[in-house]
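We're numbering straight along the sequence, starting at 1.
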Amino acid sequence: QFDYPEAVYLLGIEPGVGVVSGSRLLPSWRPTLMSEVFPALANVRGMPGGPDVYEWTRIFVVKSRREEHRLARAGGAVMCAMLEWGLEEGVRTIRCAAEAWWMPRLLGLGWKIRPLGLPLEHDGMTLAGFAFAVDEETLAATRAFYG
């Protein structure tokens with residue numbers, strides 16, 4: 001539904017193996033998961049938008065590269081790439097509609113998470129809307145965490 005030409009795809013490619021991780025970002029001025037399906041996730045602070053705001057809607061790590069009880073290094077590479085791309089493109093904020101457990105995980109990486117609304121239950125999951133800064137400090141903290 002949201003795979004339109006302005007969507008940005010970042011892929012983690014391991015030499016000799018191929019794609020091991022990836023992510024998708026959507027421009028906030030186009031329809032997104034949060035704006036079209038879960039606007040209630042931003043019912044307290046509102047939904048940030050504009051030319052310097054994107055929405056993070058996907059991340060994956062192939063099974064062979066997942067790590068138990070921590071964020072996988074392959075996923076960390078894609079998160080660093082997302083922040084690097086954002087800095088290059090003038091993105092200042094990324095918003096996200098995700099399972100609520102992502103918030104403490106990202107806080108643990110040193111990210112500056114700002115909840116946008118109250119969590120809600122959906123299909124047996126607790127979803128939350130939040131935003132975070134795209135800045136050199138966040139990138140440095142993420143790089144440090146993943147070595």
Side-chain angles (χ1 to χ4, degrees), residues 1-12 19-63 65-147:
Q1 173 179 358
F2 304 111
D3 288 321
Y4 40 73
E6 297 86 355
V8 174
Y9 301 89
L10 302 169
L11 298 175
V19 175
V20 296
S21 57
S23 197
R24 179 179 75 182
L25 295 156
L26 302 173
S28 65
W29 60 91
R30 291 288 317 264
T32 66
L33 184 65
M34 191 181 294
S35 71
E36 303 303 307
V37 182
F38 297 110
L41 291 176
N43 64 359
V44 175
R45 289 195 170 127
M47 198 174 309
D52 61 350
V53 179
Y54 272 71
E55 185 170 310
W56 185 25
T57 62
R58 294 267 189 268
I59 186 167
F60 74 88
V61 175
V62 297
K63 195 171 190 170
R65 295 300 183 264
R66 293 180 191 160
E67 299 174 36
E68 196 170 337
H69 305 298
R70 66 170 292 190
L71 293 170
R73 188 174 173 91
V78 166
M79 288 190 284
C80 284
M82 174 177 60
L83 295 165
E84 291 166 353
W85 173 85
L87 287 167
E88 283 183 17
E89 295 297 318
V91 175
R92 294 171 43 112
T93 302
I94 294 178
R95 68 185 191 209
C96 187
E99 289 185 76
W101 57 261
W102 274 99
M103 291 189 351
R105 279 213 177 152
L106 296 174
L107 283 166
L109 293 177
W111 292 22
K112 300 168 212 113
I113 301 295
R114 189 178 79 238
L116 301 175
L118 297 174
L120 64 87
E121 295 295 317
H122 178 77
D123 285 342
M125 298 178 289
T126 302
L127 301 179
F130 56 92
F132 55 89
V134 177
D135 57 26
E136 292 288 347
E137 186 178 325
T138 303
L139 176 57
T142 307
R143 284 178 172 163
F145 184 87
Y146 287 103

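- Side chains of L116 and L41 form no contact here, defined as non-hydrogen atoms less than 4.5 Å apart.
- Looking at heavy atoms from C-beta onward, M82 lies out of side-chain contact with I59 at the 4.5 angstrom threshold.
- With 3.5 Å as the limit, one finds no donor-acceptor pair spanning the side chains of T93 and R114.
- Between S23 and V78, the closest heavy-atom pair is CB-CG1, 3.3 Å.
- Rounding to the nearest 0.5 Å gives a distance of 8.5 Å between OG1 of T126 and CG of L120.
- Annotation for P115 and I113: closest pair CD-O, 3.9 Å, computed over non-hydrogen atoms.
- In this structure, L87 and E84 have side chains that are not in contact, with every pair of non-hydrogen atoms separated by 4.5 Å or more.
- Enclosure of atom CD in E137 is not indicated, since only 12 or fewer non-hydrogen atoms of other residues, nucleotides or ligands lie within 6.0 angstrom.
- Proximity of a side-chain donor or acceptor of Y4 to a complementary backbone N or O of P31 within less than 3.5 Å is detected.
- Here the straight-line distance linking atom CZ of F60 with atom CZ of R66 works out to 10.0 Å at 0.5 Å rounding.
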Next on the checklist: Using the rule given for side chain to side chain contact (heavy atoms under 4.5 Å, CB included), can you reason through V8 versus E89, listing the C-alpha separation, both sets of side-chain angles and the distance that settles it, and then say yes or no?
Outcome noted: CA-CA 11 Å; V8 174; E89 295 297 318; over 6 Å; no

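- Taking CE of M103 as the start and CG of L107 as the end, the distance is 7.0 Å to the nearest 0.5 Å.
- What you find for S28 and G49 is that their closest heavy atoms are OG-CA, 3.4 Å.
- The aromatic rings of F132 and F130 lie tilted to each other, with the angle between the two planes from 30° to 60°.
- Considering every non-hydrogen atom in both A7 and L26, the closest pair reads CB-CD2, 3.6 Å.
- Judged by distance alone, the side chains of T142 and W111 do bring a donor and an acceptor atom under 3.5 Å apart.
- At least one cation-pi condition fails for R24 and F2: the charged atom is not both under 6.0 angstrom from the six-membered ring centre and inside a 45 degree cone around its axis.
- The backbone N or O of A74 sits less than 3.5 Å from a side-chain atom of S21, completing a donor-acceptor pair.
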Requested in this report: Check step by step if side chain to side chain contact (heavy atoms under 4.5 Å, CB included) holds for V19 and V62.
Outcome: CA-CA 8 Å; V19 175; V62 297; 5.6 Å; no

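- No donor-acceptor distance shorter than 3.5 angstrom exists from the side chain of E6 to the backbone of P27, with no hydrogens or angles considered.
- Judged by distance alone, with hydrogens and angles left aside, the side-chain atoms of W56 form a donor-acceptor pair with the main-chain N or O of R58 at under 3.5 Å.
- Rounding to the nearest 0.5 Å places OH of Y146 at 8.0 Å from SG of C80.
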* Should V134 and R92 be marked as a side chain to side chain contact (heavy atoms under 4.5 Å, CB included) after you check the CA-CA gap, both sets of side-chain angles, and the distance that decides it? -> CA-CA 5 Å; V134 177; R92 294 171 43 112; 5.8 Å; no

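- Rounding to the nearest 0.5 Å gives a distance of 11.0 Å between CD1 of I94 and CG of D52.
- The shortest heavy-atom contact between E55 and M34 is OE2-N, 2.9 Å.
- Contact detail for P48 and G46: the closest heavy-atom pair is CD-O, 3.5 Å.
- Side-chain contact between W85 and V91: present, with at least one pair of heavy atoms (C-beta onward) separated by less than 4.5 Å.
- Using a distance-only test at 3.5 Å, with no hydrogens or angles considered, a donor-acceptor pair links the side chain of E67 to the main chain of R73.
- Rounded to the nearest 0.5 Å, atoms CG (L10) and CE (M79) are 12.0 Å apart.
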Take M47 and V53, measure what side chain to side chain contact (heavy atoms under 4.5 Å, CB included) needs, and give me the verdict at the end. CA-CA 10 Å; M47 198 174 309; V53 179; over 6 Å; no

